Number of protein chains: 2
Amino acid sequence: MITKRTYTISELASEFDVTPRAIRFYESEGLLNPERDGQKRIYYSKDYVLLKLILRGKRLGWSLAESKQLLDLYDPSQQNQNQYHQVLQKIEESRLRLEQQRQDIELMVLELDEHQARIEQAMSGT
Amino acid sequence: MITKRTYTISELASEFDVTPRAIRFYESEGLLNPERDGQKRIYYSKDYVLLKLILRGKRLGWSLAESKQLLDLYDPSQQNQNQYHQVLQKIEESRLRLEQQRQDIELMVLELDEHQARIEQAMSGT
DNA sequence: CTCAAAGCTTACGTTAACGTAAAGGTTAAC
DNA sequence: GTTAACCTTTACGTTAACGTAAGCTTTGAG
């Protein structure tokens, strides 16, 4: 019999370099729903993955509400709420936003490259 | 004699679909510094570009303070403040962050693709 | 047994990025 | 010459995403 890997809140916190408070906050906002052992929260690898997705969203500037929408798309227990074509539409919206971000990144990197070249030019002329 | 293109604050606002208040706020945070005609602010294409960069940063989840740092790198009048190698270092930091975001986007898009395929599978089986 | 470490809830505080509103100046059109 | 459409400044309000602190419970180690 295999026992699933579990995490305490502080384990999860140090794993991702966030505070327990933040993790609890994500739960209060409906993004996580860990099981309990009495009072204590128990996190499984499912929650681990969810937290990873949340933090990925944060790095991309998504609000928790936006990330929640995305997570809900993947949540089978919510599948009845969201009609299929509605899900497909939300997927498409996310994709568009990501595409825009991708463009923004390309441009930023290009400009950084150019500016770096200018600086190095100026430095060589010292 | 050519006269440069200028913008009023509301022109610039509607151009980028933000409010005049937001533009004034960016100025108060030191990201913009439009000239004046008496009381009135006058924006040139230089400011137009700056605002574009600010909003691009916002789409990538950068704070105004972070965007300001980036803009300061491009500002020649600040060039004396920032030593060359310091500038190069900040450029490198920005590049790293953008690289991380790029990765995050790749992963998100991949997962969206997979999920979309699953949905379409499920739909075809109706 | 006891005490330190970790967990819990509740609640108030904080920062960023504006929104909203008030009160007033300027100017082009009628 | 007055009204509508903008502009200005000042100031208080709001929301998101936690931080911080207080007070209480649980638990493994010595």
Side-chain angles (χ1 to χ4, degrees), chain A residues 3 5-44 47-48 50-72 94 97 101 104, chain B residues 5-44 47-48 50-72 94 97 100-101 104:
Chain A
T3 307
R5 164 93 212 251
T6 68
Y7 305 84
T8 69
I9 194 168
S10 61
E11 280 170 351
L12 212 52
S14 77
E15 184 90 9
F16 288 106
D17 199 33
V18 298
T19 67
R21 172 64 173 111
I23 298 182
R24 289 193 200 100
F25 181 72
Y26 300 152
E27 178 179 350
S28 77
E29 296 293 294
L31 294 137
L32 294 174
N33 232 328
E35 291 186 14
R36 299 277 179 142
D37 170 22
Q39 279 240 99
K40 286 190 175 174
R41 281 164 248 256
I42 313 177
Y43 299 90
Y44 293 95
D47 304 301
Y48 184 101
L50 283 178
L51 183 51
K52 184 157 63 176
L53 292 182
I54 294 170
L55 298 178
R56 186 190 287 164
K58 292 212 69 189
R59 285 195 299 272
L60 291 177
W62 295 43
S63 72
L64 292 183
E66 289 169 322
S67 287
K68 178 175 162 53
Q69 286 212 17
L70 191 63
L71 298 188
D72 286 349
S94 300
R97 172 153 178 203
Q101 290 190 299
D104 289 328
Chain B
R5 165 92 211 252
T6 69
Y7 306 84
T8 69
I9 194 170
S10 61
E11 279 170 351
L12 212 52
S14 77
E15 184 89 9
F16 287 106
D17 199 31
V18 297
T19 66
R21 171 66 174 108
I23 298 182
R24 288 194 200 100
F25 181 72
Y26 300 152
E27 179 180 349
S28 77
E29 296 293 295
L31 294 133
L32 294 174
N33 232 329
E35 290 184 17
R36 299 278 178 141
D37 171 22
Q39 280 241 99
K40 286 189 175 173
R41 281 165 248 256
I42 315 176
Y43 299 90
Y44 293 95
D47 305 300
Y48 183 101
L50 283 178
L51 183 51
K52 184 156 64 176
L53 293 181
I54 294 170
L55 298 178
R56 186 191 287 163
K58 291 212 69 188
R59 286 195 300 271
L60 291 176
W62 294 44
S63 72
L64 292 184
E66 288 169 323
S67 287
K68 177 174 162 51
Q69 286 213 16
L70 191 62
L71 298 189
D72 286 348
S94 300
R97 172 152 179 203
Q100 172 70 57
Q101 290 190 298
D104 289 329

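Keep in mind that what you see is a predicted model, and the values were worked out from it rather than measured. The sequence lines fix the lettering, A, B, ..., with proteins before strands; numbering per chain opens at 1. Hydrogens, waters and symmetry mates play no part in the numbers below; they use all other heavy atoms, side chains included.
As a whole-Å value, the separation of A/I9 CD1 from C/dT9 C1' is 12 Å. Residue B/Y7 contributes atom OH, which lies 19 Å from atom P of D/dC6 at whole-angstrom precision. Here the P atom of nucleotide C/dA17 and the CD1 atom of B/I54 are 11 Å apart, to the nearest Å. Between B/Y43 atom OH and D/dC6 atom P the separation is 16 Å, expressed in whole Å.
Using a 4.5 Å heavy-atom threshold, the side chains of B/D104 and B/Q100 count as touching. Between A/R36 and A/R41, the closest side-chain pair of non-hydrogen atoms falls below 4.5 Å. In this structure the side chain of A/Q101 reaches within 4.5 angstrom of the side chain of A/W62, judged on heavy atoms. Side-chain contact between A/R24 and A/I9 is present, with at least one heavy-atom pair separated by less than 4.5 Å. At a threshold of 4.5 Å between non-hydrogen side-chain atoms, the residues A/Y26 and A/D47 do not count as touching.
Taking 4.0 angstrom as the limit, B/R41 places a side-chain polar atom (N or O) nearer than this to OP1 or OP2 of D/dT8. Between B/K58 and the phosphate of C/dC18, there is a side-chain N or O to OP1/OP2 separation shorter than 4.0 Å. Taking only side-chain nitrogens and oxygens, A/T19 comes nearer than 4.0 Å to OP1 or OP2 of D/dG19. In this structure, A/T8 reaches the C/dG7 phosphate: one of its side-chain N or O atoms is under 4.0 Å from OP1 or OP2.
Contact detail for B/L32 and B/E27: the closest heavy-atom pair is O-CG, 3.5 Å. The shortest heavy-atom contact between A/G57 and A/S67 is CA-OG, 4.0 Å.
Taking every heavy atom of residues 23-35 of chain A and every atom of DNA chain D, pairs under 4.0 Å involve A/F25, A/Y26, by number.
The pair B/E15-B/R5 does not meet the salt-bridge criterion, since no charged nitrogen lies less than 4.0 angstrom from a carboxylate oxygen.
Residues B/R36 and A/L64 both approach DNA chain D. Their nearest nucleotides, taken by heavy-atom distance, put B/R36 toward the 5′ side.
Shown are A/I23, A/T19, A/V18; of these, the side-chain contact (heavy atoms from CB on, under 4.5 Å) with A/R21 is made only by A/T19.
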_Each nucleotide in nucleotides 20-29 of chain D should get exactly one letter: B, S or -. Can you fill that in based on protein heavy atoms under 4.0 Å?_
B---------

